[in-house]
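Below is one structure, written out as structure tokens; the observations come after it.
Since we're looking at a predicted model, the values are computed, not measured.
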Amino acid sequence: MPLIATSHLFLIIEVAILMHFGIMLLLNYLKLNFTRIVVLSLILGVGITVMFGYDAICLLLPMLSQNEFTHPYGSIAIMIIVTAWTVLPILREQNSKIVNLQLLIIIMTVGIAIFGGLVHRDFLIMYILGLIIGFLILNYTFRQGKNYFTLKNIALIVIGMLILFGGLEILSQILNMEVISPLSRIDRMNSNQLSSIQMVMENTTLTGHAANSTYWGNATLGNSDGYISLPLTFVKFFGLPFPIFYGTLVSRKDVIDYFLPGIFGVGFDFGYITLALIMIWVLIVIIIGLKVLVKYKAERERGSKRYLGREALLTGSLTAFIAQTILGFFVITRTINGSGMLSYIFLSAMVVAHVVTTKR
């Protein structure tokens, strides 16, 4: 069996396998105690807030080059923030003072929402969704702690989201910047979604898509034509002879990548069989994460502090994985495509890695 991937799909599978085994080994090699997780989540939280802030400034100042950090690191931001929120009830159970720490986490949470929302509206949806899922999990695992998911908090989240979207729309009108307008993005998707769905449904097969359904006509592979891929820098770096969308051809890829949910995009490029297998894997990862969380909860309630750091990390990883799954597969493919897919595989590995725990 050749080790060099022969298509986008096999490259994705090989990278996923290597990343899952690598992170499983790394997570068990490193001694991730609770204190280190607290410090790491705060350092990374501040760092990613600054990164998103710089990217938002680049969007408003044309002389600076924009990086769009929200696409590759959007779900990672959710993991970091929810992990940070998870340490609060753990510290509260240990009777530690958390006022200053909680204020810092709130600032990071709001900052990422504002800066990330300026760059990508779909990130803001995923981010709010991630916070809601994270608070739901926290309410279950810390029943004796503070209840975050109250009607008041739900109302605040909804109002905050409406204010952010409204503010973006007003800002886009004042600055004449359609690129940050939520309404223009929604209109664009609505005007293209029906024709995109029709194209996909008419050409998707069990193993890929029909001939002549891609822009290169008869030269199509019928499977793994590059609509769904890892970052193109991967393909270029390894010199792999795969179909690549770049330049003006990106608009062709947007039919799948931007205008459709991932179930259509993955189904079109890889076929219904691969889509079914991927969805089964997604369910397995979520079930594994929830079951391990139950185990960590039981250990904590028995007075053990061994898994506190791993519990906080798993809560953040699982939350981000679920949020990215929902948005990517059921709203917009781009969330789980390209560099977003690399983050998605990373989160999957961060969840599955908890099934193995070494004894020291």
Side-chain angles (χ1 to χ4, degrees), residues 1 3 5-28 72 74-76 78-79 82 126 129-130 133-134 137 200 204-209 223-231 234 256-257 260-295 310 313-357:
M1 178 180 177
L3 294 178
T6 56
S7 69
H8 285 286
L9 177 59
F10 284 107
L11 178 62
I12 292 168
I13 292 172
E14 287 187 8
V15 169
I17 291 172
L18 290 172
M19 191 174 292
H20 277 73
F21 277 105
I23 289 179
M24 186 177 293
L25 292 173
L26 185 65
L27 198 63
N28 286 283
S75 56
I76 305 300
I78 296 174
M79 180 190 77
V82 173
M126 182 174 69
L129 183 64
I133 294 171
I137 293 176
V200 166
T204 303
T205 65
L206 288 176
T207 57
H209 44 264
N223 182 288
S224 294
D225 269 304
Y227 287 95
I228 307 296
S229 68
L230 287 170
F234 271 45
I256 301 296
D257 190 35
L260 291 181
I263 54 173
F264 293 102
V266 174
F268 178 80
D269 208 22
F270 301 141
Y272 288 125
I273 294 176
T274 300
L275 174 62
L277 292 175
I278 290 175
M279 296 310 295
I280 290 172
W281 173 252
V282 168
L283 288 174
I284 289 173
V285 172
I286 294 174
I287 291 171
I288 286 174
L290 292 173
K291 284 188 172 295
V292 175
L293 270 181
V294 171
K295 172 192 170 183
R310 293 173 69 97
L313 187 60
L314 176 56
T315 301
S317 303
L318 180 60
T319 296
F321 182 80
I322 295 174
Q324 194 173 4
T325 295
I326 294 173
L327 196 72
F329 279 102
F330 301 104
V331 180
I332 181 171
T333 302
R334 184 165 294 180
T335 308
I336 54 167
N337 204 2
S339 54
M341 177 179 290
L342 195 60
S343 295
Y344 191 57
I345 294 173
F346 171 77
L347 291 173
S348 172
M350 286 295 291
V351 174
V352 175
H354 288 265
V355 300
V356 175
T357 304

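Distance check, rounded to the nearest 0.5 Å: CD1 of Ile322 to CD1 of Ile78 gives 11.0 Å. Between atom CD1 of residue Ile12 and atom CG of residue Leu230 there is a gap of 5.0 Å, rounded to the nearest 0.5 Å. Here the CG atom belonging to Leu275 is positioned 10.0 Å from the CD1 atom belonging to Ile228, to the nearest 0.5 angstrom.
Distance alone, capped at 3.5 Å, places no donor-acceptor pair between the Ser229 side chain and the His8 backbone. With Ser343 contributing its side chain and Pro72 its backbone, the two residues share a donor-acceptor pair below 3.5 Å. Panel note: side chain Ser348, backbone Tyr344; no donor-acceptor pair is recorded below 3.5 Å. Counting only distance, with no hydrogens or angles, the side chain of Asp269 and the backbone of Asp225 share a donor-acceptor pair below 3.5 Å. One N or O on the side chain of Asn28 and one on the backbone of Met24 form a donor-acceptor pair closer than 3.5 Å. The backbone N or O of Thr335 lies less than 3.5 Å from a partner atom in the side chain of Gln324, making a donor-acceptor pair.
With sequence neighbours excluded, the residues forming a ring pair (Phe, Tyr, Trp, His ring centres under 6.0 Å) with Tyr227 are Phe245, Phe268, listed by chain and number.
Between Leu318 and Val82 there is no side-chain heavy-atom pair separated by less than 4.5 Å. At least one side-chain heavy atom of Thr204 sits under 4.5 Å from a side-chain heavy atom of Tyr272.
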Take Val352 and Ile23 through the test side-chain contact (heavy atoms from CB on, under 4.5 Å) and record every step on the way to the result.
CA-CA 9 Å; Val352 175; Ile23 289 179; over 6 Å; no

Worked check of side-chain contact (heavy atoms from CB on, under 4.5 Å) between Ile326 and Ile133:
CA-CA 11 Å; Ile326 294 173; Ile133 294 171; 4.0 Å; yes

I would like to know whether Phe270 and Asn223 meet side-chain contact (heavy atoms from CB on, under 4.5 Å); could you show each step before the answer?
CA-CA 5 Å; Phe270 301 141; Asn223 182 288; 4.3 Å; yes

Test log, rule side-chain contact (heavy atoms from CB on, under 4.5 Å), inputs Met19 and Leu342:
CA-CA 10 Å; Met19 191 174 292; Leu342 195 60; 3.8 Å; yes

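Scanning both residues, Leu27 and Ala353, for their nearest heavy atoms gives CD2-CB, 3.6 Å. When all heavy atoms are compared, the tightest approach of Phe330 to Pro261 is C-CB, 3.5 Å. For the pair Leu129 and Ala323, the tightest heavy-atom approach, listed with the atom from each and the gap, is CD2-O, 4.0 Å. Shown here for Ala5 and Phe10, the closest heavy-atom pair between the two residues is CB-C, 3.7 Å. Across all their heavy atoms, Leu327 and Met126 have their closest contact at CD2-CB, 3.4 Å. Of all heavy-atom pairs between Phe321 and Thr325, the closest is O-OG1, 2.7 Å.
When each of Ile76, Val15, Val351 is paired with Phe346, the side chain to side chain contact (heavy atoms under 4.5 Å, CB included) condition holds for Ile76 and for no other.
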